[in-house]
S.K.: 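The structure is given below, and queries will be raised subsequently.
Only heavy atoms go into these numbers, but all of them, side chains included; no hydrogens, no water, no symmetry mates. Here is how names work: the chains are called A, B, and so on, in the same order as the sequence lines, proteins then strands, and each is numbered from 1.
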Amino acid sequence: MQLKIATWNINSVRLRADLVCRFLDRWQPDILCLQETKCPEGLFPSVLFAARGYPHIAERGQAGYHGTAILSRLPIAEIASRQFCGKDDARHIAIRLAGDGLPWVHSLYVPAGGDLPDPALNPKFAHKIAFLDEMRSWLGNGLQDNAPHILTGDFNVAPLEHDVWSHRQLLKVVSHTPIETERLVAIMEGRSWHDVMRAHVPHTDKLYTWWSYRARDWVASDRGRRLDHIWLDSFYRRRRTALEVVRETRGWERSSDHVPVVVTLDL
DNA sequence: ATGGTAGCATAGCTA
């Protein structure tokens, strides 16, 4: 059995519901994890996605900000959601697929952290650091172990040198500062998470999932960052996988500034 | 060094 899993920071699921449908129709993932749905619970366009073959939906939303969801073709056995930093921000939802040995799949949205990379001066950055620290203990030993885990989402950190268009110029830019990248690497190593994207793309090659809206011409400047990730439990490390970063959607009219990451996994 | 764009609590916040 193959499992095709996609993650996409959609930056408003209601505004871009048609783009989600277009993506589902063409890429046909079994599971789509969404972040930044910006959609209060109850207003999620579930009917639209159910009609496309994704009737199994888990969502956690709030007005205006954040919001995560998971659309699935396969039945869901369990839904879980975690609170971070004592806030009720909608930044995480997870499903366990119904069936023996099938995994938990997580959709996670890490705080962006504001502009100034100093936790003493910028509360949003302090929140991001606290969030990453909490992630470390949660992902290290706080996960339910009744099934393997697949972690996806917008982690808002580009950990490796070639996860950004200019390592040197971004070392003091939030998303690529050592205080963040060292934490993300430590989280990954804490449970031997498998960075499946980088297993397919050499560390010396550029790899991005996000391009700013503020660029005059995002294609020409190509100043991207790899903010979105899919990590597999070490349980799956030796499995055959395939990867696609769907850069094409960034060029769709009124699209998200993030693009989908799609991983196919032999279960 | 600065400002650039986008979305939603439509006005100032977040990204």
S.K.: Between B:dT14 and B:dA1, how far apart are the P atoms? Round to whole Å, please.
M.R.: 25 Å
S.K.: Would A:Asp115 and A:Lys124 pass as an ion pair if we require N to O under 4.0 Å?
M.R.: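 No, this pair does not count.
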S.K.: Using a 4.0 Å heavy-atom cut-off, does A:Ala112 contact any base of the nucleic acid, only the sugar-phosphate backbone, or nothing at all?
M.R.: sugar-phosphate
S.K.: Return the value, rounded to whole Å, for the distance between atom CD1 of A:Ile10 and atom P of B:dT14.
M.R.: 22 Å
S.K.: With a cut-off of less than 4.0 Å, is there a side-chain N or O of A:Ser12 near OP1 or OP2 of B:dC8?
M.R.: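 Result: yes.
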S.K.: B:dG7 C1' sits how many Å from A:His66 NE2, rounded?
M.R.: 13 Å
S.K.: Quick one: does A:Ser107's side chain have a donor or acceptor within less than 3.5 Å of a partner on A:Leu34's backbone?
M.R.: yes
S.K.: Quick one: list whatever passes salt bridge (charged side-chain N to carboxylate O under 4.0 Å, His left out) with A:Glu180, sequence neighbours left out.
M.R.: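 Partners of A:Glu180 by the salt bridge (charged side-chain N to carboxylate O under 4.0 Å, His left out) criterion, ordered by chain and then number, come out as A:Lys128.
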S.K.: Expressed in angstrom and rounded to an integer, what is the separation of A:Phe155 atom CZ from B:dA15 atom C1'?
M.R.: 18 Å
S.K.: Counting only side-chain nitrogens and oxygens, does A:Arg254 get under 4.0 Å of the OP1 or OP2 atom of B:dG7?
M.R.: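 True: A:Arg254 side-chain N/O within range (under 4.0 Å) of B:dG7 OP1/OP2.
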S.K.: Rounded to the nearest Å, what distance is computed from the CD atom of residue A:Gln169 to the C1' atom of nucleotide B:dT2?
M.R.: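 In whole Å, B:dT2 C1' lies 14 Å from A:Gln169 CD.
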S.K.: Atom CG of A:Asp89 to atom P of B:dA15: distance rounded to whole Å?
M.R.: 9 Å
S.K.: Would one find a side-chain N or O of A:Arg14 under 4.0 angstrom from OP1 or OP2 of B:dC8?
M.R.: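 For B:dC8, neither OP1 nor OP2 has a side-chain N or O of A:Arg14 closer than 4.0 Å.
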S.K.: Given atom CG of A:Asn9 and atom C1' of B:dA6, what is their separation to the nearest angstrom?
M.R.: 12 Å
S.K.: Taking atom C1' of B:dA15 as reference, at what distance in whole Å does atom CG of A:Leu116 sit?
M.R.: 16 Å
S.K.: For B:dT2 versus B:dA15, give the span between their P atoms, rounded off to a whole number of Å.
M.R.: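 Looking at atom P only, B:dT2 and B:dA15 are 22 Å apart.
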S.K.: Which pairs, with at least one residue in residues 114-136 of chain A and sequence neighbours excluded, count as a ring-ring contact (aromatic ring centres under 6.0 Å, His included)?
M.R.: A:Phe84-A:Phe131
S.K.: Take atom CG of A:Asp257 and atom P of B:dA15, then tell me their distance rounded to the nearest Å.
M.R.: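 Distance check: A:Asp257 CG to B:dA15 P gives 12 Å.
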S.K.: Base, sugar-phosphate or nothing for A:Arg250? Non-hydrogen atoms, less than 4.0 Å.
M.R.: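 Answer is nothing: A:Arg250 stays at 4.0 Å or more from every strand.
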S.K.: Using the C1' atom as the reference point in each nucleotide, state the distance between B:dA6 and B:dA11 in Å, no decimals.
M.R.: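 Each nucleotide's C1' atom is 14 Å from the other's.
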S.K.: Between A:Arg60 and A:Thr68, do the side chains contain an N or O donor and an N or O acceptor separated by less than 3.5 Å?
M.R.: no
S.K.: At under 4.0 Å, does any side-chain N or O of A:Arg223 touch on OP1 or OP2 of B:dG4?
M.R.: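 Negative; the distance criterion is not met.
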S.K.: Considering heavy-atom distances to DNA chain B, does A:Tyr213 or A:Pro40 have its closest nucleotide positioned more toward the 5' end?
M.R.: A:Tyr213
